[in-house]
Amino acid sequence: MPPSLLFGLSLLTFSLSLSSSTPVITQNTTLLSPNRTFELGFFTPPGNPHPYSYLGIWYYAIPTRSYVWVANRKNPVMFNESSSFSVSIFNGKLVISVDQGFHIWETDNVEHATVVQLLENGNLVLVSNEGKTVWQSFDFPADVWLPEMNITKDQLITCWRSSSDPSPGLFSLRLKPPVYGEFELVFNNSIPYWSTGNWTGNSFSGIPEMTVTYIYKFWFVHPYTKAASFWYTVIPPEMGLKPPLTHFRVEPGGQVRQYTWFPQIENWNMFWSQPENRCRVYGLCGNLGFCNSKSLMPLPCECLNGFEPVNLSDWESGDFSGGCKRRGDEKCDKKDVFEEVGVVNYDGIFNVEFVSNGTSRSSCEEFCLSNCSCIGLYYNERTDSCGNLYGSILNLRNMSLDSAMEVLSVRVGRGSVVRKNKWKIGVLIGGVSGLALGLALVVLVLVIVKKKRTRKRREEEEAVYPVTNLKVFSFKELHVATKGFSEKLGHGGFGAVFRGELSCSSTVAVKRLERPGGGEKEFRAEVCTIGNIQHVNLVRLRGFCSENSHRLLVYDYMQNGPLSVFLRRDGPNLRWEVRYRVAIGTARALAYLHEECRDCIIHCDIKPENILLDSDFTAKVSDFGLAKLIGRDFSRVLATMRGTWGYVAPEWISGVAITAKADVYSYGMTLLEIIGGRRNVEPLASAPAGEGENWFFPPWAARQIVEGNVAAVVDDRLGDAYDAAEAERVGLVAVWCIQDDESMRPTMGTVVKMLEGVVEVTVPPPPKLLQALVSGDSFCGDRADSGHGVSSGRLERISHESIQVSGNFILSH
Ligand SMILES: *[C@@H]1O[C@H](CO)[C@@H](O)[C@H](O)[C@H]1NC(C)=O
Ligand SMILES: *[C@@H]1O[C@H](CO)[C@@H](O)[C@H](O)[C@H]1NC(C)=O
Ligand SMILES: *[C@@H]1O[C@H](CO)[C@@H](O)[C@H](O)[C@H]1NC(C)=O
Ligand SMILES: *[C@@H]1O[C@H](CO)[C@@H](O)[C@H](O)[C@H]1NC(C)=O
Ligand SMILES: *[C@@H]1O[C@H](CO)[C@@H](O)[C@H](O)[C@H]1NC(C)=O
Ligand SMILES: *[C@@H]1O[C@H](CO)[C@@H](O)[C@H](O)[C@H]1NC(C)=O
Ligand SMILES: *[C@@H]1O[C@H](CO)[C@@H](O)[C@H](O)[C@H]1NC(C)=O
Ligand SMILES: *[C@@H]1O[C@H](CO)[C@@H](O)[C@H](O)[C@H]1NC(C)=O
Ligand SMILES: *[C@@H]1O[C@H](CO)[C@@H](O)[C@H](O)[C@H]1NC(C)=O
Ligand SMILES: *[C@@H]1O[C@H](CO)[C@@H](O)[C@H](O)[C@H]1NC(C)=O
């Protein structure tokens, strides 16, 4: 936008009083909110295949285009060189008109408006002569829920169809009818697949950690009535500071996420996402699509063997709703065969016919083949019962084997099965065999083209980095060492980790970075920095590979894996002495990163998954320095923090500067997990995964520790086999580390001294944010003291000191 136009716009900002013919904006002009936070104008989403224009609102104040509202989602303006379009008030309504005539969109207000305003909170309002608001965009949300936007029974927040298509998708967030006491995510306005749980007065029962959201205040007036109305506001983290830009968004993939703008990295920071498992989104992969939550691929969906996406371009842009069809448009044929899918669960709109008992499978197949509408069958060997399926099948997912033994088979063309092996390779590489072939070709061409250059570069690189003791590996070398990346050790925020065997017969862990940011040079500079950091409690970097788009890091292999394995209730147990050593070792590593390295390194992602244990259970911190390495994209780091509030330091959420004290907070949270031998957030044992209420351990644990009752917090699997004085010290340090105010938290250097007993540890004040959970009238979890491996139960409302326990206790004995 030329500067002169900008200047002109600033005069237009606050309100416009218009005669009916003056356009509010044209296709070339925009309207700004008074303090220039939001901008209203026409836009064409990047990547949209059509020349469509939409009227929308986005943030003006930030460099990234993020749309918060779209007016004409269902009827875009076709952009055309010779036509013009504009927004104006016509007959008291706001209209989008094409070529000064045809109205493709208009507001539905009854009372006449004379003034249009774009408010500072992103609300576009129409005001009458009498000063009354007669229409507002907040009543017609698109996919974004902004602060102060009221959600009532009439509002529905509906995702975009794909990241480049604003038209309404299949997933929406709404107040759950007919009670209006909780929020739910629904598929196609009808089938719920996630809900917050009921409102308990200051949080929803499924999200107890929402009371520790620091800068957010949630308001729910008239819950459980038709007049229910819910909104949230943002409080500046400090007096005089502007509150951070923030919103919730229903993603095209069906999850709802919360983002905060992070000025330091000029990027959105995603720190809350539900449902945690993207495969729990109803109908995500469409008819005959299979969702794989552990998939290495960016796309979670795959078509079943013998099938391909109905619309490949939609599929690749992340809209899987079209589902899958028989490969190559093969017609139904009497010679079709049945491809076994396995024992799976599925939903969908289908009929089951011809339920036979004691008939052979072949007659069941025969019956299916006789009708072209039959898409497959299920068969139960034990009872010989069989059913033919008609319609569409959604949410195919693996089922635990102890349930029914009905095996699903789908009908495919004979030809598809012959090509099965080739197809499988296609699935592995790119989800579609055509894509795989294309990829292979591209790779081949690149290899040939770059071969010479690479050789030259490798010569250069050995010349440039003679001083570091890092080895430069070729991709081929690592491919061989990891047996084609076959033995996966884990998957973190930066990419997957594979086990590898070097020719000198030493075992290594190879981390394959996903979507590395920044250029080759930056990567090498960072890697050298990391390579020079050495400490007995840090995982040693042995070398790296940077070839074409591949970025790999080669580390020492840690025999006993991540600490998180030992924090599962069903996992192996760690002796107290080991836990204590791990706590101190981790603290020393962080103190070294924060205070002793040449440049202070903030880890940003301290959690049990990133603390590895070597053969003698020495703690080794991994992934340090990576936050910077992947292009300072902290959102990916945060996305791995289990997608929940309460795990991250409050300052992460508030958008103020991050210091080393953010690591101290995460370290404190990790200490609680080490003492308790459990995860801080885990579903209640009785609830099916991802459903119902969660248990949030830290508030309860912090209170017990502050009240001198650390024994209640210590993992009951240890019995009496622990040092009470050490446990008390560790507990108190943990609570000091998770203070809301970062200036109250000790430095890691001090933490080390406290743990070693060199510095006396006093009793910390209870962390206020966490305490709101236990002292307020919200739900919380507790653990009974029976000494028999009792896991979690549900607490009813807590009235002061008396704690009532209800629900099921699971005795693990
Ligand atoms: C908008 O700008 C384009 C060039 O950027 C110009 O060709 C067109 O005439 C302008 N349209 C209007 C309505 O001002
Ligand atoms: C705009 O910013 C000024 C100064 O920061 C402030 O006084 C004013 O209240 C703001 N206006 C709105 C509508 O937020
Ligand atoms: C552009 O729009 C005008 C009028 O709306 C129409 O007559 C013309 O055919 C369109 N041109 C193209 C290339 O679509
Ligand atoms: C939200 O709506 C309710 C009722 O519809 C109203 O009482 C309340 O003032 C509204 N809140 C805001 C922030 O608009
Ligand atoms: C959504 O629901 C409508 C009826 O309400 C139905 O016609 C349509 O087929 C459904 N879409 C999908 C993808 O299930
Ligand atoms: C919320 O309460 C309603 C009744 O008030 C009940 O029907 C519903 O099952 C509850 N939801 C949850 C998730 O407990
Ligand atoms: C589902 O189970 C089958 C057979 O047990 C297995 O081969 C497949 O990898 C599983 N798929 C997923 C996504 O877990
Ligand atoms: C796929 O869908 C897009 C719109 O989303 C449409 O434009 C395109 O024609 C479709 N392709 C096929 C092969 O149906
Ligand atoms: C098949 O057997 C089951 C129980 O074994 C019974 O419920 C069902 O009605 C039978 N179906 C037919 C078609 O006989
Ligand atoms: C095939 O099955 C469908 C659905 O059950 C039924 O409506 C249709 O009449 C059948 N067609 C034939 C030829 O049997």
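Whatever order the structure lists ligands and atoms in, that order sets their numbers, starting from 1. Computed from a predicted model, the values in this text were never measured in an experiment.
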Reported OG-to-OH distance for the pair Ser385 and Tyr378, which is rounded to 0.5 angstrom: 5.5 Å
Inter-residue atom distance Phe187.CZ - Asn395.CG, 0.5 Å rounding: 8.0 Å
So which heavy atom in the protein is nearest [atom], and how far is it from that ligand atom?
| atom | answer |
| --- | --- |
| atom 5 (O) of ligand 10 | Glu353 OE2, 3.0 Å |
| atom 4 (C) of ligand 10 | Tyr390 CD2, 3.9 Å |
| atom 13 (C) of ligand 10 | Asn371 ND2, 4.5 Å |

Any protein heavy atom < 4.0 Å from atom 7 (O) of ligand 10: no
Worked verdict on Cys291 versus Cys285 for disulfide (SG to SG under 2.5 Å): CA-CA 6 Å; Cys291 188; Cys285 297; 4.0 Å; no
Distance-only N or O hit between ligand 6 and Ser195, under 3.5 Å: no
Tyr224, any N or O under 3.5 Å of ligand 6 N or O: no
Heteroatom proximity flag, Ser373 to ligand 10, N/O under 3.5 Å: no
Phe140/Trp135 under ring pair (Phe, Tyr, Trp, His ring centres under 6.0 Å): CA gap, chis, key distance, verdict: CA-CA 10 Å; Phe140 303 89; Trp135 183 92; 5.6 Å; yes
Proximal atoms of ligand 6 relative to Asn198 (non-hydrogen, under 4.0 Å): 1 (C), 2 (O), 3 (C), 8 (C), 10 (C), 11 (N), 12 (C), 14 (O)
Side chains of Ser317 and Asp319, donor plus acceptor under 3.5 Å: no
Geometric cation-pi criterion, Arg174 with Phe183: 6.0 Å, 45°: no
